[in-house]
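Just so it is clear, the model here is predicted, and its values are computed rather than measured. Along the sequence shown, residues carry numbers from 1. Just the heavy atoms: all of them, side chains too, but no hydrogens, waters or symmetry mates, feed the values below.
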Amino acid sequence: MDAWSSLRLLETEPAARAFLYKHYHSKGISQAERLAFQQSTRFLYTWKQARLFYESAAKTPLSIKPLLLFYGCVHLLKGWLIVIDPDYPQNSKVLQHGVTTRKVKKNGYQFLKDEVRPQKEGLFSHLAHLLSVSPLQDRYRIQELMSYLADMHEPLQAAIGHISPWVPVDWKSEKDARTNAIFCRLHFPAASKGALAYSPETFQQYVKRFDHGQDILASVQWSSDGSKTMVVPFSSFSSLDEHPLFCLRERSLFFWNGDNDSLPLPEWANHYLLLYVLSMLSRYDTEWWGELTLSHSYAEQFLIDFFLEHHANVFPTVIMRHMQKNNTPAVK
């Protein structure tokens with residue numbers, strides 16, 4: 001069952017109420033049944049509205065597609081937010097976007113050098129606070145946000161020669177001849193900079209430091225032969241995607257070898273910020289945006305096209321997986 005099929009099940013009142021009650025109750029929230037009843041109608045229409053935005057975006061030209069995808073993204077995040085925060089929305093401030101960018105661009109505007117700034121209040125900051133995304137930078141450049149997405153590493157290199165901090169990790173599954181247990185053996189490549197340049201012992205400590213008490217690496221073993229080799233039970237392999245230094249895409253695994261002082265933002269945050277800037281361009285800078293959408297010579301257009309298609313394909317699944325994990329903190 002794909003993401004939309006699963007999410008569409010929540011577009012009925014009984015299913016929406018039962019889902020919310022199960023989550024609120026599992027988190028020990030008082031009056032879970034009452035809160036689930038109060039939020040169920042908002043919850044189901046939020047998912048339906050999100051789906052309609054994405055369905056419309058799939059049929060619309062590039063000139064207005066970012067606007068539809070942005071509001072589809074907003075509604076997916078609001079649906080997830082209702083699960084995390086049973087009192088949402090507490091006030092009108094949390095309904096604001098929570099980010100800002102320059103509406104009127106300067107002459108010689110370059111998309112990849114544009115910036116977006118998180119604000120202290122609004123949807124983005126509220127989610128970031130609940131999900132412990134900190135510290136946030138004062139501003140983010142578009143190229144930086146794109147480089148945070150492992151799926152953009154090949155397009156960025158092809159379009160502008162940018163080498164992504166996400167490094168592919170070789171891995172293979174093996175069976176223990178004694179116990180018949182299946183495990184995955186990860187071989188980290190050598191590098192001249194970043195964490196991959198550390199000694200094996202320092203590298204292990206570095207990776208463990210960013211586990212943030214989630215015990216994602218509790219079942220991991222490290223090779224004792226002096227190499228950067230990690231052995232993970234097959235049943236725990238997919239949980240590596242929850243670690244901030246790893247990204248799992250089907251059978252491809254990536255490791256973040258970027259600046260140690262600047263970890264990539266969570267996937268939902270990157271998508272939200274990038275779509276916000278693109279939607280603002282399509283609304284307020286129609287001359288530049290119009291020239292971009294009619295041109296086939298801009299590297300920016302290649303990257304924008306790729307990102308928009310990628311977003312439409314993966315973002316509903318990203319949100320669905322967060323919902324299914326049922327381990328996000330609920331607030332009450």
Side-chain angles (χ1 to χ4, degrees), residues 112 141-175 182-212 214 216-217 219-223 225-271 274 299 302-303 305-315 317-318 321:
L112 293 177
R141 275 197 172 189
I142 298 302
Q143 182 172 323
E144 179 184 17
L145 292 171
M146 285 193 167
S147 72
Y148 285 164
L149 296 171
D151 300 272
M152 295 295 296
H153 77 287
E154 290 185 0
L156 282 169
Q157 186 168 357
I160 61 173
H162 175 77
I163 305 300
S164 172
W166 287 106
V167 177
V169 177
D170 291 330
W171 68 275
K172 61 179 180 179
S173 57
E174 301 177 5
K175 179 183 287 189
I182 301 176
F183 59 90
C184 300
R185 188 180 298 275
L186 284 58
H187 297 281
F188 294 88
S192 59
K193 61 180 181 180
L196 291 175
Y198 295 163
S199 68
E201 294 77 14
T202 304
F203 179 74
Q204 292 178 28
Q205 295 172 4
Y206 174 77
V207 174
K208 292 176 182 177
R209 177 156 56 96
F210 290 102
D211 197 7
H212 297 311
Q214 299 184 59
I216 297 171
L217 305 179
S219 57
V220 164
Q221 294 182 353
W222 294 88
S223 174
D225 61 3
S227 65
K228 297 186 183 74
T229 302
M230 178 190 289
V231 180
V232 186
F234 184 78
S235 59
S236 303
F237 182 69
S238 61
S239 65
L240 287 177
D241 194 49
E242 300 173 31
H243 192 287
L245 297 177
F246 292 91
C247 178
L248 182 63
R249 282 289 178 266
E250 297 181 354
R251 293 190 59 82
S252 297
L253 181 67
F254 298 88
F255 176 79
W256 176 260
N257 196 43
D259 186 349
N260 298 341
D261 297 324
S262 180
L263 291 177
L265 285 170
E267 197 167 7
W268 68 264
N270 282 295
H271 281 254
L274 286 168
F302 169 74
L303 292 171
D305 273 335
F306 185 94
F307 168 72
L308 293 177
E309 182 177 356
H310 168 68
H311 170 83
N313 289 333
V314 307
F315 198 72
T317 301
V318 170
R321 286 175 178 171

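The heavy-atom pair separating Trp166 from Pro264 by the smallest distance is CZ2-CG, 3.8 Å. Between Phe203 and Ala195, the shortest heavy-atom distance links the atoms CD1-O, 3.3 Å. Across all non-hydrogen atoms, the minimal contact from Ala150 to Cys247 is CB-SG, 3.7 Å. Across every non-hydrogen atom of Gln204 and Ser223, the tightest pair is NE2-O, 4.3 Å. Contact between Ser173 and Ile182 at its shortest, heavy atoms only, is CB-CG2, 4.4 Å. Heavy atoms only, all atoms of each residue included: Ala159 and Ala299 are closest at O-CB, 3.9 Å.
Between His187 and Lys228 the shortest side-chain heavy-atom distance does not fall below 4.5 Å. Side-chain contact between Phe254 and Val167: absent, with no pair of heavy atoms (C-beta onward) separated by less than 4.5 Å. Residues His311 and Leu274 form no side-chain contact, since every pair of their non-hydrogen atoms from C-beta on lies 4.5 Å or further apart. When side chains are defined from C-beta on, Leu240 does not count as touching Leu245, because their heavy atoms never get closer than 4.5 Å. With a 4.5 Å cut-off on side-chain heavy atoms, Trp222 and Lys208 count as touching. The shortest distance between side-chain heavy atoms of Phe246 and Leu253 falls below 4.5 Å. In this structure, the side chains of Arg141 and Leu112 stay at 4.5 Å or more apart for every pair of heavy atoms. Annotation: side chain of Asn270 is not in contact with side chain of Met146 (no heavy-atom distance under 4.5 Å).
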Let me see the working for Leu186 and Lys172 under side chain to side chain contact (heavy atoms under 4.5 Å, CB included), right down to the final yes or no. CA-CA 7 Å; Leu186 284 58; Lys172 61 179 180 179; over 6 Å; no
Assess whether side chain to side chain contact (heavy atoms under 4.5 Å, CB included) is satisfied between Leu149 and His271, documenting all intermediate values. CA-CA 9 Å; Leu149 296 171; His271 281 254; 3.9 Å; yes
Run Ser236 and Ser239 through side-chain hydrogen bond (donor to acceptor under 3.5 Å, both in side chains) and show every step you take. CA-CA 5 Å; Ser236 303; Ser239 65; 5.0 Å; no
Stepwise, does the side chain to side chain contact (heavy atoms under 4.5 Å, CB included) test hold for Phe188 with Asp170? CA-CA 7 Å; Phe188 294 88; Asp170 291 330; over 6 Å; no
Test Leu265 against Leu145 for side chain to side chain contact (heavy atoms under 4.5 Å, CB included), laying out the working first. CA-CA 8 Å; Leu265 285 170; Leu145 292 171; 3.8 Å; yes
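Residues satisfying the side chain to side chain donor-acceptor pair (under 3.5 Å) test with Glu144, not counting sequence neighbours, are Gln137, Tyr148. Taking Arg185 as the reference, Glu174 meet the salt bridge (charged side-chain N to carboxylate O under 4.0 Å, His left out) condition, with sequence neighbours excluded.
The main-chain N or O of Leu196 is found under 3.5 Å from a side-chain atom of Asn257 such that the two form a donor-acceptor pair.
From Phe315, atom CZ reaches atom CD of Glu267 across 8.0 Å, with rounding to the nearest 0.5 Å. Interatomic distance, CD1 of Ile160 versus CG of Leu303, reported as 6.0 Å (0.5 Å rounding). Here the NE2 atom belonging to His162 is positioned 4.5 Å from the OG atom belonging to Ser147, to the nearest 0.5 angstrom. Considering CZ of Phe237 and CE of Met230, their distance stands at 10.0 Å, rounded to 0.5 Å.
Here Phe307 and Phe302 keep their ring centres 6.0 angstrom or further from each other.
Sequence neighbours left out, the pairs with a member in residues 146-165 that pass salt bridge (Lys or Arg N to Asp or Glu O under 4.0 Å) are Asp151-Arg249.
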